[in-house]
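Worksheet: one structure, shown below.
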Amino acid sequence: MSTWLTILGMACVTYVTRATMLLVLRNEMAPWLRRWLDYVPVAVFAALILPQLLLRKQGDTQMLVLGPAIPAGIVAALVSWRTNNILLTILAGLLVFWGLRWLGM
Amino acid sequence: MTTGELQPTEQVAPATRWKDFRAGFIAIMPIWLGSIPFGAIYAVSALNAGLTPAQTLAMSLLVFGGAAQFTAVGLFAAGATPLTIIITTLIINMRHMLLAASIAPYIQRSAAWLKGVQAFFLTDESYAVALRRFLEGGGSPAYQLGVNISLYLTWQWSTVAGILLGSIIPDPAAYGLELIFPLTFIGLIVPLLRKRTNVLVAALSGALAIIGALTIPGSWYILIAGIVASGVGAWITRSPAMKREA
């Protein structure tokens, strides 16, 4: 029972994070706020990407690890820049990652 | 960045709506690649953590957020209290507030019920694909809904596949497949980096996120880096001279 309630609670808080801003921001926004929000996608995605490439979780703490994920990310970024193709970007990154791991990096 | 045409849904012909919906549904297909193995492996780890198949599927249906679901499963397995799991979910998903705020201007004219529906499906990936289309000027609520439903269905049937196939599914981590997430995000963000201030904001946010992840417990760092770096971007471009360059 408590598992079901937990899942329900997770669903509620998640929905609140998704819906609040969509429903609240309905009128024309102040220009400064609009400009701020224009930078949100790059800011949030950079904050999602870099720790995943550079950090590894060791127990409860994060550690800086220089591994094959970094060159993989760089190659993926170059491929994305040139092709603008998500599928190619992912595949190129994975190939570099697997290649470097196979080489023992 | 330019504002896409804001189209009131009421005036759009159903045929156009259907075309947009289909275009959105198809546009996010490359991202299925990342969702399918992780939807399945989520299900396997949820069952291992003691959730029933119904609970495992219910979480995918109701929460629909990979990071939150994986973390919750880990917490369930560790015997965490419901409150801990719910609060952790809230913190992980807090970044949705930023994403929702940033896409809100493009669907301002949608009816409240439609916004409520779109909100239910908001994820990093679906947001990025829909926003990209809005920025190009071709976005519409129907397109966004197509993106949303496409990713949602994929997440559900891969969860079901995980429940049915169980432990014969290999651990994606063994193949480094968790790298698919940052790689997908790279594919989504790099096209935005043609604007110089965006590069600066991305670099700043990435640096803040690394420092934050190393020093602040939990996943607050995403929200903090996101707010601060985008704020700095807005502040830098406040003067007319910089605005022209950006």
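Throughout, a chain's letter reflects where its sequence line sits, starting with A, and its residues are numbered from 1. Because the structure is predicted, anything quoted here is derived from the model rather than measured.
Residues of residues 208-224 of chain B that come within less than 4.5 angstrom of chain A, heavy atom to heavy atom, are A209(B), I210(B), A213(B), L214(B), Y221(B), I222(B) in numerical order.
For a residue to count as touching a neighbouring chain, one of its non-hydrogen atoms must lie under 4.5 Å from one of that chain's; by this rule L51(B) touches chain A with the side chain only. For chain A, the nearby part of L131(B) is the side chain; its heavy atoms alone come within less than 4.5 Å. Interface remark: L122(B) contributes backbone and side-chain atoms alike to the contact with chain A (heavy atom separation under 4.5 Å).
Without hydrogens or angle criteria, T6(A) side chain to P82(B) main chain gives no donor-acceptor distance under 3.5 Å.
Atoms NE2 and CG, on H96(B) and L22(A) in that order, are 11.5 Å from each other to the nearest 0.5 Å. Rounding to the nearest 0.5 Å gives a distance of 12.5 Å between CZ of R18(A) and CE of M97(B). Note that OG of S2(A) and CZ of F76(B) are 7.0 Å apart. Values are rounded to the nearest 0.5 Å. Note that the CZ atom of F185(B) and the CG atom of L53(A) stand 11.0 Å from one another [nearest 0.5 Å]. Note that CD1 of I189(B) and OG1 of T89(A) are 12.5 Å apart. Values are rounded to the nearest 0.5 Å.
Exactly one of V40(A), V42(A), D38(A) qualifies for a side-chain contact (heavy atoms from CB on, under 4.5 Å) with S230(B). That residue is V40(A).
Shortest non-hydrogen contact noted between P41(A) and L192(B) is CB-CD1, 4.1 Å. The two residues A101(B) and L37(A) make their nearest non-hydrogen contact at O-CD1, 3.3 Å. Heavy atoms only, all atoms of each residue included: N84(A) and P191(B) are closest at OD1-CG, 3.1 Å. Taking all atoms of both residues into account, the shortest heavy-atom contact from V63(B) to I7(A) is CG2-O, 4.2 Å.
When the candidates L99(B), I103(B), L204(B), I31(B) are compared by the number of heavy-atom contacts under 4.5 Å with chain A, L99(B) comes out ahead.
The neighbour count for M63(A) CE, taken as heavy atoms of other residues, nucleotides or ligands under 6.0 Å away, does not exceed 12.
For the pair I49(A) and F181(B), the minimum side-chain heavy-atom distance is 4.5 Å or more.
Between F45(A) and Y127(B), the two ring planes are parallel [angle under 30°; tilted spans 30° to 60°].
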